[in-house]
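Reviewing the structure listed below.
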Protein chains: 2
Amino acid sequence: MTPTLRLGIAGLGTVGVGVLRIVENQAALLSARTGRAISVSAVSARSRGKDRGVDLSGYAWEDDPVALARRDDVDVFVELMGGADGPAKAATEAALAAGKHVVTANKAMLALHGQALAEAAEAAGVALRFEAAVAGGIPCVKALTEGLAGNAITRVSGVMNGTCNYILTRMESSGLPYAEVFKEADALGYLEADPTLDVGGIDAGHKLAILAAIAFGTQVDFEGVQLQGIQQVSIDDIHRARDMGYRIKLLGEARATPAGIEQSMRPTLVPADSPLGQLEGGTNMVVIEGDAVGQIVLRGAGAGEGPTASAVMGDVADIARGLILPPFGQPAATLTKPQRANAATECAHYLRLTLRDEPGALARVATVLGQSGISIDRMRQYDHPGDDAPVLIVTHPCAPADLAAALRGVTATGVVSGEPVALQIQTP
Amino acid sequence: MTPTLRLGIAGLGTVGVGVLRIVENQAALLSARTGRAISVSAVSARSRGKDRGVDLSGYAWEDDPVALARRDDVDVFVELMGGADGPAKAATEAALAAGKHVVTANKAMLALHGQALAEAAEAAGVALRFEAAVAGGIPCVKALTEGLAGNAITRVSGVMNGTCNYILTRMESSGLPYAEVFKEADALGYLEADPTLDVGGIDAGHKLAILAAIAFGTQVDFEGVQLQGIQQVSIDDIHRARDMGYRIKLLGEARATPAGIEQSMRPTLVPADSPLGQLEGGTNMVVIEGDAVGQIVLRGAGAGEGPTASAVMGDVADIARGLILPPFGQPAATLTKPQRANAATECAHYLRLTLRDEPGALARVATVLGQSGISIDRMRQYDHPGDDAPVLIVTHPCAPADLAAALRGVTATGVVSGEPVALQIQTP
């Protein structure tokens, strides 16, 4: 029988504890499926004494994750600390340099340093796996890299941040404003230490950039993701979207076009009765489109102990079975630098403007939009308790760049207060 | 560079032609992803002269698929002929005996002979892969076998026959009766040569049995699938289900219970606004539930040239990359004989009976159901143009076996004509 595969786990938060539980509770099943025993040799975390509800006495302890990564009794370094740089990156580099396989849930590290880490893994002839970094328990990295390898991938899209989806669906169900629901999510422990990572769309942007690299054979290009967070989405936007048959989701989209790779992550109105519109709470959805397969939709829990640990253990099982691939599906040296393209696909937009209480203000806005070639489908002015009047506009399909130019023109008129809010409406 | 991986393709129907097209058109992409060239050496089909819209002059021709499977210039035998026995099985066995990898889309062969073929493949140290056999382009075999390998799988379910789903959704949208839509589907070429394979639920049952074997580590047990086709579903059933907020789907379900493995494939009422209820036409959906990951839902095209060829090429790419696993995820010798269990989970049922025009007939039915412990949620008698009166009953949740016994009692009263139709209603 093949020798035991020995893990070293750095980071004992929710996911780390989940991995320990699976290794302990499913030993027979893992051994039946992979043909070898899987065990944990050593662990590392910030605080040794903390009660995590699991018995750590059977594992060696390391204060320093770099030391853990280099241990002779560790075959696979499981990195669950998080953070793009710092200890996570140092320990991952140390593990690869020492010829250890690495399994990580760290999207920030991969989005920013994926190319260098993939090169290091390939040079060492080891695996660097990250199913848990994207969309929790959904095996979407595997589907894209392996199952759909016969396809030219044309588009990858989806909802990949459960916290944002929780906030948006909770705003709709409770009628509470963004700030209140944000506080609730924080109290429930749903937010990252730096909440901008979640609500600013950065975390989801990291995930999208990783999938785009695999899909299009390009180097990860997080800087190329056009990012818009959900902080500007008001409860009024949610209600008005609902009245029109839409829900607002933080939707990511990466597309291969003749002009280059488009990547965007932004709040989007999607039909309420579509699969994306029906996504509730922390559920994620990844949609992959290929030239042969058409559209494949994958849905599941985007975070949490069990789902994320499941993804980690899927990667560990592959390593135990000897399935070793280049981290991004093809050799890192063959990944090209992506040509960045701005999203150019025409789509309808939802606009929210606040008009100053001046005669002719609405006419000015309509005139400027018309002169900029933006055609209006619907316009509605709401009651205004104070001096300023909210106006809602739905445009006919237009190019995002044309709309942005038009909105600069609208702002320049001086008849609107604050920044206009513009959200794309998904083409059905 | 690793030498070229050479395919021999037996069966040049829609899927075979699709595979040829991908190998020809995506050569650069396949080589970038797998690190080696992939080519087709030889092909085989029933009729050599038939115009298939592809140029076959670059490939050697074999009349006999067994000869094709044994050719020295074939590394992977791609079996796309279909049929549980006959040439498909003979050629697959010949390929494995000659030490060739096999990729197949043949669910019937795997459902009936999967254990013996897996043993042969493992003895030869080669791959036997069948992603295309289940749910077309959806990489569900891979998700279950590899991505979710860290989970004890509790349940696999879904809609796995696009033809049945087409017929059921078309009946609803057109208002046409089953017989008419069946004829349409036949004219469109959607039906197997023996249509009972589709409408009798056999094809879908084959797929479910394959997934259940992987999920539960058991030998494929197609005989253990409780089968009910869609032939009995009338346009009235569809309308009445819709009035209650349901759609009727041919739903498969395999479940691991303390009593054993339950496998069933039968028409089921599912909530119309649920993801399953919204499945249109030939789309398939596979739902996998694991103890760690929770519920993963996979959706995509269940058939057709591109999607099925995509699945075949995913398997070919894995072989090109050297990813070789036991066909059912764990060694065939460790797959246990499943203990069969009848579906025992209590659920509500939809019943359609035709009452003879006799005084007290309805009361007799209600009495017998009540005496058998079947509690009635709703009952409705419809207008009856002739002598007999259709009656619709929705039961409170009850065990399928208790219901079956009750219906035998109802039939024995002599006040109903024909067989009662009973469809389960999915628990939300």
Side-chain angles (χ1 to χ4, degrees), chain A residues 18-19 21-23 25-26 29-30 32-35 131 136-139 141-143 145-152 217 273-275 278 285 290-301 304-307 309-314 316-318 321-326 329-331 334, chain B residues 18-19 21-23 25-26 29-30 32-35 131 136-143 145-152 217 273-275 278 290-301 304-307 309-314 316-318 321-326 329-331 334:
Chain A
V19 171
R21 289 211 173 102
I22 294 181
V23 173
N25 300 338
Q26 302 291 7
L29 184 141
L30 288 166
R33 288 182 179 162
T34 67
E131 186 65 81
I138 305 174
V141 170
K142 180 170 275 285
T145 315
E146 302 169 36
L148 304 176
N151 287 265
D273 59 359
S274 69
Q278 290 181 309
M285 181 173 281
D291 63 342
V293 80
Q295 187 185 74
I296 295 287
V297 178
L298 312 166
R299 197 186 78 200
E305 174 181 321
S310 164
V312 168
M313 290 309 298
V316 167
D318 273 1
R321 285 162 157 169
L323 310 184
I324 312 288
L325 284 184
Q330 61 186 72
T334 68
Chain B
V19 171
R21 289 212 173 101
I22 294 181
V23 173
N25 301 338
Q26 303 291 6
L29 185 143
L30 289 167
R33 289 181 179 160
T34 67
E131 185 65 81
I138 305 174
C140 58
V141 170
K142 181 170 274 285
T145 315
E146 302 170 34
L148 303 177
N151 288 265
D273 60 357
S274 68
Q278 290 182 310
D291 63 343
V293 79
Q295 186 186 73
I296 295 287
V297 178
L298 312 166
R299 196 187 79 202
E305 174 182 321
S310 164
V312 169
M313 290 308 298
V316 168
D318 272 2
R321 284 161 157 168
L323 311 183
I324 313 288
L325 285 183
Q330 62 187 70
T334 68

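Every chain is numbered from 1 and lettered A, B, ... according to where its sequence line falls, protein lines coming before strand lines. Owing to the predicted nature of the structure, the values given are computational and were not obtained by experimental measurement.
Within the 4.5 angstrom heavy-atom criterion, atoms from both the backbone and the side chain of A:L148 approach chain B. Only the side chain of A:D318 comes within contact range of chain B, with heavy atoms under 4.5 Å apart. Heavy atoms closer than 4.5 Å to chain B are found in the side chain of A:L29, but not in its backbone. Within the 4.5 angstrom heavy-atom criterion, atoms from both the backbone and the side chain of A:I138 approach chain B. The contact between A:Q295 and chain B is made by backbone and side chain atoms together, counting heavy-atom distances below 4.5 Å. Only the side chain of B:A317 has a heavy atom closer than 4.5 Å to any heavy atom of chain A. In this structure, chain A has a heavy atom under 4.5 Å from the side chain of B:L325, while its backbone stays farther away. For a residue to count as touching a neighbouring chain, one of its non-hydrogen atoms must lie under 4.5 Å from one of that chain's; by this rule A:L298 touches chain B with backbone and side chain alike.
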Please report the C-alpha distance between A:M285 and A:V297 in whole Å, then the side-chain angles of each, then the deciding distance to 0.1 Å, and finally whether the side chain to side chain contact (heavy atoms under 4.5 Å, CB included) criterion is met. CA-CA 7 Å; A:M285 181 173 281; A:V297 178; 3.7 Å; yes
Let me see the working for A:D291 and B:Q26 under side chain to side chain donor-acceptor pair (under 3.5 Å), right down to the final yes or no. CA-CA 10 Å; A:D291 63 342; B:Q26 303 291 6; 2.6 Å; yes
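Remark: the backbone N or O of A:T145 is not paired with any side-chain donor or acceptor of B:R33 at under 3.5 angstrom. With B:E131 contributing its side chain and B:K142 its backbone, the two residues share a donor-acceptor pair below 3.5 Å.
Considering only heavy atoms from C-beta on, B:M313 comes within 4.5 Å of B:V23 through its side chain.
Considering only heavy-atom pairs separated by less than 4.5 Å from chain A, the leading option among B:G137, B:G322, B:G18, B:G300 is B:G137. Ranked by heavy-atom pairs shorter than 4.5 Å toward chain B, the options A:G290, A:P331, A:P307, A:G314 are led by A:P307. Between chain A and the residues B:P139, B:S310, B:G150, the most heavy-atom pairs under 4.5 angstrom are made by B:S310. Heavy-atom pairs under 4.5 Å with chain A were tallied for B:L323, B:I324, B:V19; the largest tally goes to B:L323. Contact count versus chain A (heavy atoms, under 4.5 Å) is highest, among B:A301, B:G294, B:A32, B:A143, for B:A32.
Between A:A149 and B:R321, the shortest heavy-atom contact is CB-NH1, 4.0 Å. The two residues A:A292 and A:N151 have their closest heavy-atom pair at N-OD1, 2.9 Å.
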